[in-house]
Number of protein chains: 2
Amino acid sequence: MEKKKNVSMAVIKRMPKYYRYLGELVKNDVDRISSKELGEKIGFTASQIRQDLNNFGDFGQQGYGYNVKELHNQIGTILGVGKEYNAVLIGAGNIGQAIANYSRFTDIGLGITAIFDANPKLVGMRIRDVEIKDIDELKEYLEENTIDMGILCVPRINAQKVCDVLVNGGVKGIWNFAPIDLHVPETVKVENVHLSESLLTLVYQMNK
Amino acid sequence: MEKKKNVSMAVIKRMPKYYRYLGELVKNDVDRISSKELGEKIGFTASQIRQDLNNFGDFGQQGYGYNVKELHNQIGTILGVGKEYNAVLIGAGNIGQAIANYSRFTDIGLGITAIFDANPKLVGMRIRDVEIKDIDELKEYLEENTIDMGILCVPRINAQKVCDVLVNGGVKGIWNFAPIDLHVPETVKVENVHLSESLLTLVYQMNK
DNA sequence: TAGATTGTTAATCGATTAACAATC
DNA sequence: TAGATTGTTAATCGATTAACAATC
């Protein structure tokens, strides 16, 4: 799919930002943009933008720049936007409910097919038409359905255990909101959202 | 406060992780640890750990290693744990409510003193004993109270506008959950939690 | 064509790792 | 004291920026 293997994490983390800014430009009917202009918008150097994009292909044209709509689509394809991803969400607490309710992720292609929780009070309830099932049914559910992703919103203490069930159930990625570093096989990708650590980083900077 | 000025972002982002692991060790009554052992636990090199810590002081002892409890406290102090931070939360939607409800941040010293929303249906409701006020009252509230931090959970379209009110109201930091890069003066620190970008990063990695 | 801007190579900068003298 | 492990300097590695020939 990509031109070169082993694109660095630094580059990958910047791609969604390009995608977002280009989406804005598409919305504003901007047809073309140079790396210089885009760089000024985003706050990157033109050089960095060209280097980043050239990890994936030659999307520009000398003397012209980049076609906004085309580049937006290309980056979308690179990131995997548009494909459908079946996900299960585990832990219907504060964060879990927020994620399940947040419609923005549907645009990316995320579809939450089932929600699980250990709390009997929550089991049977529905979030956006998706029923909350008992966590004990997770293993069986994963056997009977092809699930790409697990969204992990359980308390720290249960996170690794639930993670193992997800991994054994065949998920290829875990979006982890639990404050812990999960142990998974190399084939499974983990993306962490560690809110406490984010907050601490902010607090540190505020104290300077 | 710190030994050297200008600690790099790469280091700062790792500090909360040290703090978390050391907190675990304290809980497990571990008295001392060497950079080698800690490195194996976290997945960093011993060298990196020593380099990182020496940005802030000489916390170790040759031939012994680090006193776990002491190092945990020291890093806590560096990060600013324990101090009290007054915060307002703007946007009581999915994410906003989740953050307001999440008690874990209280441990760090975060106290949400008021919540604001534009939706009249939400105004007057309470989340954990904190009343949701009308967004129009934000400016006045900030004039009458000393607020350190704004937690921004409003839709993208309103984010910069609300951000400006927060900045003029004297906040020193903004924890931003809106999918936008905010423009603020240099004195104000912004920490972004861009969930869509996090999800896209995961999706990209899953497709490899 | 001439001007603009890319793709890409080379130079620089910063961050990580290795090595080791200092010292508990 | 001898062994262990730090703090710190030096070496390496990787990422960013600058430069420029290629070309639309």
Side-chain angles (χ1 to χ4, degrees), chain A residues 2-18 21-22 25 30-75 78 201 204-205, chain B residues 2-18 21-22 25 30-75 78 201 204-205:
Chain A
E2 59 279 349
K3 199 180 167 193
K4 290 170 199 165
K5 308 284 162 189
N6 290 331
V7 180
S8 83
M9 238 333 149
V11 175
I12 294 166
K13 293 273 178 197
R14 280 192 294 270
M15 296 308 286
K17 198 160 176 175
Y18 292 131
Y21 273 87
L22 288 163
L25 291 168
V30 179
D31 284 336
R32 49 173 278 197
I33 196 158
S34 67
S35 57
K36 186 160 172 287
E37 290 170 300
L38 187 57
E40 280 158 10
K41 258 191 181 306
I42 307 192
F44 296 165
T45 62
S47 201
Q48 176 160 72
I49 290 175
R50 294 204 299 279
Q51 287 279 18
D52 283 354
L53 296 180
N54 279 76
N55 279 292
F56 301 101
D58 298 356
F59 303 125
Q61 192 173 323
Q62 279 99 328
Y64 174 88
Y66 299 87
N67 178 300
V68 170
K69 203 164 184 176
E70 196 187 300
L71 185 58
H72 182 249
N73 283 337
Q74 295 271 19
I75 295 179
I78 290 162
T201 304
Y204 169 82
Q205 290 177 281
Chain B
E2 58 279 349
K3 199 179 167 192
K4 289 170 200 166
K5 308 280 161 193
N6 289 331
V7 179
S8 83
M9 236 333 147
V11 175
I12 294 166
K13 293 271 177 198
R14 279 193 294 269
M15 296 307 287
K17 199 160 174 174
Y18 291 131
Y21 274 86
L22 287 163
L25 291 168
V30 178
D31 285 334
R32 49 173 280 199
I33 196 159
S34 68
S35 56
K36 185 160 173 285
E37 288 169 301
L38 187 58
E40 280 160 9
K41 257 191 182 307
I42 307 192
F44 296 165
T45 61
S47 201
Q48 177 160 72
I49 290 174
R50 294 203 301 276
Q51 288 278 18
D52 283 354
L53 297 179
N54 280 75
N55 279 291
F56 301 100
D58 298 356
F59 305 124
Q61 194 173 320
Q62 281 97 331
Y64 174 87
Y66 299 87
N67 179 299
V68 170
K69 205 165 184 176
E70 196 188 299
L71 186 58
H72 182 249
N73 284 336
Q74 296 270 18
I75 295 179
I78 290 163
T201 304
Y204 169 81
Q205 291 177 281

Query - Short side-chain N/O contact from B:R50 to OP1 or OP2 of D:dT6, under 4.0 Å - result: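 Result: yes.
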Query raised in the report: Within the pair B:Q48 and C:dT16, is there a side-chain N or O less than 4.0 Å away from OP1 or OP2?
Result: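 Affirmative; the distance criterion is met.
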Of the nucleotides [options], which one has an atom closest to the side chain of [X]?
{"X": "B:Y66", "options": "D:dT16, C:dT6, D:dG7", "result": "D:dG7"}
{"X": "B:R32", "options": "C:dT5, D:dT5, D:dA15", "result": "D:dT5"}
{"X": "B:S8", "options": "D:dT9, C:dA15, D:dT5", "result": "C:dA15"}
{"X": "B:T45", "options": "D:dC24, C:dT17, D:dT6", "result": "C:dT17"}
{"X": "B:Q62", "options": "C:dC20, D:dT5, C:dA15", "result": "D:dT5"}

Query raised in the report: So which heavy atom on A:Y18 is nearest to which on A:L38, and how close?
Result: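 So the minimum-distance heavy-atom pair works out to CD2-CD2, 4.5 Å.
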Requested in this report: Measure across B:I12 and B:V7 and return the closest heavy-atom pair with its distance rounded to 0.1 Å.
Outcome: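 For B:I12 versus B:V7, the nearest heavy atoms are CD1-O, 3.6 Å.
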Could you check how far [atom1] of [X] sits from [atom2] of [N], rounded to whole Å?
{"X": "B:K13", "N": "C:dT16", "atom1": "NZ", "atom2": "P", "value": "14 Å"}
{"X": "A:N54", "N": "D:dT16", "atom1": "CG", "atom2": "C1'", "value": "15 Å"}
{"X": "A:K36", "N": "C:dG7", "atom1": "NZ", "atom2": "P", "value": "17 Å"}
{"X": "B:L53", "N": "C:dT16", "atom1": "CG", "atom2": "C1'", "value": "15 Å"}
{"X": "B:M9", "N": "C:dT16", "atom1": "CE", "atom2": "P", "value": "14 Å"}
{"X": "A:I49", "N": "C:dT5", "atom1": "CD1", "atom2": "P", "value": "14 Å"}
{"X": "A:Y64", "N": "D:dT23", "atom1": "OH", "atom2": "C1'", "value": "16 Å"}
{"X": "B:R14", "N": "C:dT17", "atom1": "CZ", "atom2": "P", "value": "8 Å"}

Query raised in the report: Which nucleotide, in any strand shown, forms a Watson-Crick or G-U wobble pair with D:dG7, with both distances under 3.5 Å?
Result: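 Because both required distances fall under 3.5 Å, D:dG7 counts as paired with C:dC20.
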**Report entry** D:dG14 pairs with, by Watson-Crick or G-U criteria that keep both distances under 3.5 Å
**Finding:**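 Partner of D:dG14: C:dC13.
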Requested in this report: Measure the CD-CZ distance between A:Q74 and A:F56 for me, rounded to the nearest 0.5 Å.
Outcome: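 Spacing of CD (A:Q74) from CZ (A:F56) equals 11.5 Å.
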Report task. Identify whether any heavy atom of A:S47 sits under 4.0 Å from a base atom; if not, whether one sits that close to sugar-phosphate; answer base, sugar-phosphate or nothing. Result ->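 Base contact.
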Query raised in the report: What nucleic acid atoms does A:F59 come within less than 4.0 Å of, heavy atoms only: base, sugar-phosphate, or nothing?
Result: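 Sugar-phosphate contact only - A:F59 comes under 4.0 Å of backbone atoms but never of a base.
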Requested in this report: Look at the side chain of A:Q51 and the base of D:dT17, then say whether one donor and one acceptor between them are separated by less than 3.5 Å.
Outcome: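 Present.
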Query - Salt-bridge criterion met for B:K36 and B:E40 (N-O under 4.0 Å) - result: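 Looking at B:E40 together with B:K36, the answer is yes, because their closest N to O distance falls below 4.0 Å.
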Query raised in the report: Can you list the steps and then say if A:F59 with A:I75 is a side chain to side chain contact (heavy atoms under 4.5 Å, CB included)?
Result: CA-CA 10 Å; A:F59 303 125; A:I75 295 179; 5.5 Å; no
